[in-house]
Structure formats: structure tokens, C-alpha cells
Amino acid sequence: MKTITKENQNKEQEIQEKINMCIDNSESFCFDAGAGAGKTYALVKSIKHILQDQDKRRLLKDRSQKILCITYTNAAKDEILDRIGYNSEIKISTIHDFLWEFISIQQILLIHEHREKLRDEQIKAEEQEEQFIENYSLDKNIFEKKVSDKRFLDVFYKNCHERADPFWKAIRVHDDFWGNYKFSFGKFKDAVKAVNRVVKYSQALEDNPSKVEYRPTQNRDNLAKNIISHDTLLDYCKKIIEEYDILQQMLLDSYPYIFVDEYQDTDKKVIDIISCVKKYAEDKNKSFTVGYFGDALQSIYRDGIGTLPNIDEYELIQKKFNRRSTTQIISVIEKVRNDGFGQQSIYENNEGESCEFYLTNIDFDLSEFLKKNDLTENTVCLLLKNNDIATKRGFSELLDVISKFPRFSEQNYGNINNEFLQKNSLHIGWFLREILEFVKFIECIIDDRSTVNQVIHFMPELTASKITFDRFSKLIKNIRLKLANIETMTIQECIVQLCQIDEGDKAIRNIFSINDENDDVMTYIKNRALDYLFFSDEGNSESLDKFFGVKFKKFENWHNYIFDKSMDTGIKYYTLHGSKGLEFDNVIVVLQDNFAKRDDYCKQFFENYNNSILNEKGQKRFNEVRNLLYVACSRAKKKLYVIYETEQFKDDKLVEKIGKIFPNVERIETEQE
DNA sequence: TTCACAACTGTTTTT
DNA sequence: CAGTTGTGAA
């Protein structure tokens, strides 16, 4: 039976007292707590400490001030909100939500900043254009006139996703003027876009924007339409707040306490804003307390600061207890971070099973391994790549098909993550959302556990009162008959089959917003797919057929991944990154070397473990892998397995190095093929 | 042999 | 989008 000793209880209490002291003396602090230490618990306690102090509370009320708590994600915000409950003296918000709420009413300043940005970007585009014109000794006026012509642009955008040869052919057919030149494909495209950007931006400046808008669902700025995205929001805020004392004062007057959750993931610009307010408060001799809560070693995102700059300005408080894992796991993760942090279990008698490390040749059979070790309950497999997750969860064919479309290729590669693999369904691409809804509809029809209301929800013209149960069951039976071969049907076949039944047809029209009864369903959906996948109505139907030829089952598997339904086996799959903040009884971490455009991702870490002479780049890489491995391994509560798929399988030196971290290193050789 | 450019390829996550 | 690989011309 694991228990917390009186001594450890007291020690934990003392740590909280230290934070409370800082708060009472309005001294800013940085609270560093290892994985599984109960960081959020400390954050919540700190807030409660202020609220329990009647004097402080009255002061807040009298001055209509609030405690500000900013988080990195919505999930973290919800959790803290959940634990603390609603209270008018606290403001809990994500960084972006908070800053936008604060700055959006300062439209005059925002517009000023925005005009500046438009001018900057316009100048950049002009320079790019000049460069091109100079390189090819073109006449500026003629060039500009030609490439901003509407008919030219039609041809241009219709073909710019093509290869170089067909592109030039199309351009020359439109106007044989271009036959006189031999431009570089890429540079010509850039130059045309630059010219039109100049036009767009100067138009926007002339129109004099009346309002700048932040769109959280959009990942890129649309400057000409006065729409900004996440990073530009932080950028404008930093510039505006640093420039205007009055805004620093406003922040200070409204929020005498600012707590930052997961500070290591926070953008530098946000830290700068807070530092600026802090400095203002010091100059004016006013009370202001900043508390950073986090763990520098759990920094795994590029934009995060990692360690706090000018950390010496803060009282450093560490919590070295672990409330999550067995002593065996704690000892391993302690060795992974290897900074002598000295984390230990808060419990006594918290011994568990030992951690296992397996080296194996590439192509390890994970399912076999799970079966052999009898792992089903509360078990998670952590893999490096989304691609491998897609394979394990049975939708890699869909991923392959979809990544070929312009929406997801070339400069839009990032959209695979933003719109297709996105777990937040509000952020999923608009057409994919309709597809997900369609999958949900079919699942609902097929599932015996669905209620009448759940089914009817998809059929706008039916209401429960309008239809008898008999007719309803008959309808469901008919639809199911059409879907009898669902396991092997393509998504197109599913749509076509359903449309043969009047109610099915209507439901689909509803899902895909087909308002005109005269429209053919399949044609309409394909047009929407074209709009989405090609950004326009110009695309070749051949590749579109590939999309609609994917088996429904694959879409279903993708749907289950998005909504985090575990598989039949009860095993869950996440990426190492995606596991952050979660915990499981059994964790299997699968490592490989070809990741992040490297072929020695893990090898470099293991080889240089305990070997402090690394150049800057090498150290950066090393830390990156170390932090990720630390995050992944520290998810485990009871049992941790690490499987390293490597070609350096036979390398004894490597095994020796790994042995410094993991007590049991074993080689598993897969049978010769 | 070098250079320039086209073509290909692929990490993760959040706002 | 960025970084790398492949191709073809000088």
C-alpha cells in the first residue's frame, strides 16, 4: 500500500508556502516542477491562496481587479476552470484570447500597426519585383500591365500547380509575348505574385482599413482583408503595448497578479509583454506579481521559450516530488533529463515493475508484442510520426490520397496537420467536416444502439411524431440493406446507395448543404470537393476519383481517430508529442532514427548522453530529443516499455550508453525474411 | 566540375 | 514552406 509520509506531506506543504510567500510579498517567481509533480494543483492552490486572504480579496474587489491566469491551450484553460470553479475575481484565458480581448478595442492603434505591416510587406514585394525585372532586363510598365491582367491571372492560377512545361505552354497559348523570354519557373511565379501583392496591399492602404480582425481558426494572415492570425496578433500586441505606457498601466491596474501556465511553451513575445508591464510596475513602485509555472525540460514546441530569460529576476521554486509513477519509472525519467533535478516519489513503498528497453532491427511487429505481453487495459503506444499512427489506426490510404491535392501539398503541406489530422473538430477543413458528418450519419444508421432521435437528427424533414415506429424500422432496415457491403464499399458507393432512398438522399443533401433540389448529389459533392481540394473549380477529375474511390472503412477509421475512439483492441495510439499532459498505466514508446529530416534522431541523443562537448547545433538537437523522450516516458504510471528500432542494432557501444539510462536493455531479433 | 533551377519530400503541436 | 536531391546546361 503506497502512502505519503508525514515528512513528505510537510515538505510539499512547505513548497506551497514558498509560493504563498512570494505572492504575499508581491515577489515574482518561477515554479519548476517535474513531470507528474502536480503543477496544476500548485497553480490552483496559489490562486486560492489569494482568494482566501480577505484583505487581498477586498482590495481586488474595490479596485475591480482580477487575478489573470493565462494558459497555452484551451484544454488547459478548461481544466483549471473546472478545478477552481467560476469566480468573478479570476480571469482564466488562453494567451491569444486574452490578448485579443485586451487589444481588439484599441482599433486605432491596431490599424496603425496594420498599415505599417502592409507598407513593410508592400516594400518587400516591390523589392522582389524589382529584382526580377532587373535580372531579366524587363520593362517595368509592360511587365506589370501584363501580369496584373485579369485574363492572364486566370490562366496563371489555373496552371501554377502544374509542372514547369505545361505551365509555360498554357501561358504562351494565352499570350505569345512570353515566348520571348526564358524565365526560371519558380522566380516567375514569385514575381507575378509579388506584383499582385503590391497591387492588393496598396489598394488596402488606400481603402484605409476601418477594422483589424483576428481569426483564431485561420493559420495565415490575410493582410489585404485586414485579417491577422496567431503570430501577427502577438506581434502587434507586443509592439503596441511596449510603445504605449497607458496600455501597460491598464494591464497593471486590471491584473496585479499574472500566472502563466506551461511557461516553457509560451512565445517570447508574450514574455516580453509581461516583462514590460513588470518593469513599468517597478518604475512606478506598484505591486505586481508574476508567477511562471512549468518545466523547462518539457519544452517540445519550437515557438516556446524553453527556459525563462532573465531567470535571476525571479524567485526560483522547485517541486521535486512525483505523484504519478513508480520509483522505477521516476529513476529512468530522472536519468533521461540528466540535470540532477532529483525528482523522487512522494509515496513510500512505491516500487513497481522494472522498465524494459528493447533494441530491434527495423520493422518491429508491435501488435505481436502487445499480445505477447498481454497488454490491453489502459495501454498507450507512442509513435513518432503521424504517418505511423495513421497506419496503425487504418487510414493511411486516405492520408496518402489526400496529401496529393494542392490543398495539402507544396506550401500547403502544413494543412495536413491543420485541417486533416486536427483533433479539434472546429479547426478541421470545411469540406472534411462535412465528410466527417457523413461518416457519423452512416455509423449512426448502422449502430444498433442509436436512438430514434439520434438517427432523425440527420433527417431534417422527419420528426419523431411524424413517423410511426413501424415505418421507421422499415426505413432503417432498407437503408442498412443498401449498406450491406459497407466493409468493402467506397465512399462514393455509399453516397450513391443512400441516395436511392428518399430519406437518405435528403439527409445527404442536408449534410452537404445542397439546397437546390435539381442538383445531382454526387456532382454537387464533387464540385465541393474540387473547391476544397483544389481551392477552385479547376482540378482534374481523375485525382478526385481517387478520393471518392477510397473505401468508406478508411474514412471511418479516420473519423474514430479524430474523435479519439479507442480501437477494438483497447489500445490507444498517440504521437510522443501528442501525449503531453496525459497519463496511462502502461506506456510503450517506439523510437526510430529517421525523424525530423534526420537519420540519427535518437542515435545522436544516446551517443552523446553524458558527453558534454557538443557544438551549438548538436546541443540543440540533443536537448530536443531529450525533452521529447522525457515527456513521453514520464506518461507511464506503472509500466514503461521503450522499443528502439535501429540499424545500429549490433552496436555494443550504443547499448552500453543506453544502459546508463535504462537498467534492462535487451535485443530482439526479428526472424530472417 | 560547377551552377542553377526544377522537382521532390516530409516533424511535432498549439493558438 | 524549407531543405534536399536530381537534372541539364555551361
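Here the structure is a predicted model, which means the values were calculated and not measured. Each chain gets a letter, A, B and so on, in the order the sequences are listed, and its residues count up from 1.
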- Query: A:Gln592: what forms a side chain to side chain donor-acceptor pair (under 3.5 Å) with it, not counting sequence neighbours?
  - Reply: A:Asn594
- Protein-proximity profile, nucleotides 5-10 of chain C, B/S/- by nucleotide at the 4.0 Å heavy-atom cutoff, equals ------
- Starting at the 5' end of nucleotides 7-15 of chain B, put B wherever the base has a protein heavy atom under 4.0 Å, S where only the sugar-phosphate does, and a dash everywhere else. SS-BBBBBB
[X] vs [Y] aromatic rings, parallel, tilted or perpendicular, using cut-offs 30° and 60°?
{"X": "A:Phe357", "Y": "A:Phe662", "answer": "tilted"}
{"X": "A:His114", "Y": "A:Tyr236", "answer": "perpendicular"}
{"X": "A:Phe395", "Y": "A:Tyr561", "answer": "tilted"}

- Tell me what A:Lys580 touches on the nucleic acid: a base, only sugar-phosphate, or nothing, going by heavy atoms under 4.0 Å. nothing
- Message: Run the salt bridge (Lys or Arg N to Asp or Glu O under 4.0 Å) test against A:Lys637 and tell me which residues pass, sequence neighbours left out.
- Response: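 Residues passing salt bridge (Lys or Arg N to Asp or Glu O under 4.0 Å) with A:Lys637: A:Glu583.
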- Message: A:Phe183: which residues meet the ring-ring contact (aromatic ring centres under 6.0 Å, His included) condition with it, sequence neighbours left out?
- Response: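 Residues passing ring-ring contact (aromatic ring centres under 6.0 Å, His included) with A:Phe183: A:Phe132, A:Tyr136, A:Tyr181, A:Phe188.
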- Query: Quick one: ring-ring contact (aromatic ring centres under 6.0 Å, His included) partners of A:Phe31, sequence neighbours excluded?
  - Reply: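 Partners of A:Phe31 under the ring-ring contact (aromatic ring centres under 6.0 Å, His included) test: A:Phe293.
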- Mind calculating the distance between CG (A:Asp190) and C1' (C:dA2) to the nearest angstrom?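 Rounding to the nearest Å, CG of A:Asp190 and C1' of C:dA2 are 13 Å apart.
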- The single option from A:Tyr157, A:Phe405, A:Phe431 that satisfies ring pair (Phe, Tyr, Trp, His ring centres under 6.0 Å) with A:Phe534 is A:Phe405
